[in-house]
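Below is one structure, written out as structure tokens; the observations come after it.
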Amino acid sequence: MAETTRIAVTPGDGVGPEVVEEALRCLEVLRTKHNLALEWTRFPWPSHTWHQKHGESMPDDALDQLRHYDAILLGALGDPGPLDDPDRYLLSDSVSLAPLLEMRKGFDQWVCERPARLLPGARQYLADERAKDIDMLVIRENSEGEYVSQGGRLRKGTEDEVATQMEVFTRRATDRIIRYGFEQARARAAERVKEGRTRSFRSLDGNRDTQAFESQVCLVTKRNALRYWGDMYTEAFEEIRKEYADVAIHHELVDAACMKFVQNPWAFDVVVASNLQGDILTDLAAVLSGGMGVAPSCNLNPSDTGMPSMFEPTHGSAPDIAGQGLADPTAMLFTTARMLQWLGRKDPVMAAAGKELYSTVAADLKENAGKQRRTREIGEAICQQIAG
């Protein structure tokens, strides 16, 4: 019998508890149907409510508690509203979102992975018909770079105030995120070939190579202005690419990448970027694939199976609709499916359950394109389809 997999559930703020509830209902149906060795525990933190009661977003030993779980399923963090209440308990983003960064860094979740594929039924924001072929994976370095939180404010509140924000990049983290990008490019290509939906890319490395490749890795930097880490990323990319002669390569400056994500996003396969630049690109890619309401996100530690990875939808807490049963749980359900597939690396039944959940949610999205449905209605429809 498979060892029990344990999930820490942190619903968070706003619509987080609502969409998480539907995810747990689906997990319950899948657990019963497939006899999954799966259990979960809900935590009331991190959240505004916890902070209001205890003066902190989560307990001092929060990471120690979460460390014993195989994965973390997070709803949303941020202003819980209601927005029309001027006296509501309100935290700054730097405080309310701090637990997210603490968990990412504390568990060395060095990969933020966000797929962007325009599925049938999702809203197509670009008029170009080729936008239907958007299918990219944006990989963001998640452990250092622009988000290391080193710096400070001198003479705060005066006209002579100075704020410093350090960027720190290491060759070790650079190498591992770039190599991970190449490995994912190979894996995606193999999966496409298996499904009979091949793609074709050419290396845009200045050599005018006419060879067609099944996969591609695009490195994004701002090396013309941020010279030191940009050059290190470029040099690491050039070294590591030699190990992957079957993968096309490409480089874009981040401002050009933003333009090309809109002009021709179908030309990208796997994109690797730094923490801040990847943060921007992943949100743009999410909109191009139908919007935040359908986009999953994963914070992964592929190198240490003893550390929990964290799974969250890309949308925020949406305080304007919180508590009204209007939030679309699709992104949360896609995220849950990816969590099961990640946990299924050691358990084929778990992986198959994740694939079933993903396929069921995708089919529901296609069937109900454009319909306005309540949170519970969508969750109920998914559960019924899974249960058969």
Side-chain angles (χ1 to χ4, degrees), residues 1-12 16 19-43 62-76 100 103-104 106-115 117 137 139-140 142-143 176 180 183-184 187-188 190-191 194 295-314 329-362 379 382-383 386-387:
M1 184 176 177
E3 184 179 344
T4 299
T5 296
R6 302 177 67 225
I7 300 170
V9 180
T10 55
V19 296
V20 163
E21 185 62 33
E22 300 313 311
L24 295 182
R25 291 177 63 220
C26 290
L27 283 177
E28 186 67 63
V29 175
L30 287 165
R31 179 169 65 177
T32 301
K33 180 177 180 179
H34 297 286
N35 194 28
L36 298 177
L38 184 67
E39 62 182 39
W40 49 84
T41 304
R42 298 179 197 235
F43 291 88
L63 295 190
D64 290 334
Q65 292 188 52
L66 296 175
R67 195 180 305 273
H68 301 291
Y69 290 83
D70 298 290
I72 302 166
L73 189 63
L74 173 68
L100 189 60
M103 288 188 279
R104 287 174 177 172
F107 300 129
D108 197 18
Q109 296 165 350
W110 51 274
V111 174
C112 180
E113 186 177 280
R114 296 190 184 179
R117 183 178 176 187
L137 179 68
I139 296 172
R140 161 187 168 192
N142 214 30
S143 68
R176 70 181 180 179
Y180 183 84
E183 289 294 329
Q184 292 306 108
R188 281 165 55 84
E191 187 67 22
K194 189 188 302 182
S297 179
C298 315
N299 300 280
L300 310 174
N301 184 337
S303 52
D304 187 350
T305 56
M307 291 288 188
S309 291
M310 180 166 58
F311 300 81
E312 53 171 330
T314 59
T330 300
M332 185 78 248
L333 296 176
F334 276 140
T335 297
T336 305
R338 289 188 69 82
M339 179 187 71
L340 290 175
Q341 290 174 298
W342 174 259
L343 294 171
R345 293 174 302 162
K346 296 190 232 179
D347 183 353
V349 179
M350 189 86 69
K355 189 173 182 179
E356 180 180 2
L357 178 57
Y358 178 88
S359 300
T360 305
V361 177
I382 302 298
C383 287
I386 294 172

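Sequential numbering from 1 along the given sequence is applied to the chain's residues.
With sequence neighbours excluded, the residues satisfying side-chain hydrogen bond (donor to acceptor under 3.5 Å, both in side chains) with Arg42 are Glu21. Asp304 is linked by a side-chain contact (heavy atoms from CB on, under 4.5 Å) to Asn301, Met307, counting only residues two or more places apart in sequence or in another chain.
Closest approach of Gly75 and Met332 over heavy atoms only: CA-SD, 4.4 Å. Nearest approach of Ala23 to Leu73, heavy atoms of both residues: CB-CD2, 4.4 Å. Of all non-hydrogen atoms in Pro115 and Pro296, the two that sit nearest each other are CG-CG, 3.8 Å. The two residues Leu333 and Leu357 make their nearest non-hydrogen contact at O-CD2, 3.7 Å. Taking all atoms of both residues into account, the shortest heavy-atom contact from Glu312 to Thr335 is N-CG2, 3.3 Å. When all heavy atoms of Leu74 and Met310 are compared, the closest pair comes out as CD2-SD, 4.2 Å.
A salt bridge is defined here as a Lys NZ or Arg NE, NH1 or NH2 lying under 4.0 Å from an Asp or Glu carboxylate O, and Glu28 with Arg31 meets this definition. Contact check on Glu22 versus Arg25 returns a salt bridge, with a Lys/Arg side-chain nitrogen under 4.0 Å from an Asp/Glu carboxylate oxygen.
Tyr358 has its side chain out of reach of Arg338: every pair of non-hydrogen atoms, C-beta onward, lies at least 4.5 Å apart. A 4.5 Å side-chain heavy-atom check between Phe311 and Thr336 finds every atom pair outside the cut-off. For the pair Val111 and Pro302, the minimum side-chain heavy-atom distance is below 4.5 Å.
Note that CH2 of Trp40 and CG of Leu24 are 6.0 Å apart. Values are rounded to the nearest 0.5 Å. For the atom pair Met350 CE and Asp70 CG, the distance stands at 8.0 Å (nearest 0.5 Å). Here OG1 of Thr32 is found 10.5 Å from CG of Leu27. Values are rounded to the nearest 0.5 Å. Note that the CD1 atom of Ile382 and the OG1 atom of Thr330 stand 7.0 Å from one another [nearest 0.5 Å]. Going from atom CZ of Arg114 over to atom CZ of Arg140 covers 6.0 Å, rounded to the nearest 0.5 Å. To the nearest 0.5 Å, the span separating CG on Leu137 from CD on Glu113 amounts to 4.5 Å.
Asn299 places no side-chain N or O within 3.5 Å of a backbone atom of Arg104 that could act as its donor or acceptor partner.
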Only pairs under 3.5 Å count here: list side-chain donor-acceptor contacts from residues 340-349, not counting sequence neighbours, and write none if there are none.
{"residue": "Trp342", "atom": "NE1", "partner": "Ser309", "partner atom": "OG", "Å": "3.4"}
{"residue": "Arg345", "atom": "NE", "partner": "Trp342", "partner atom": "O", "Å": "3.0"}
{"residue": "Asp347", "atom": "OD1", "partner": "Val349", "partner atom": "N", "Å": "3.1"}

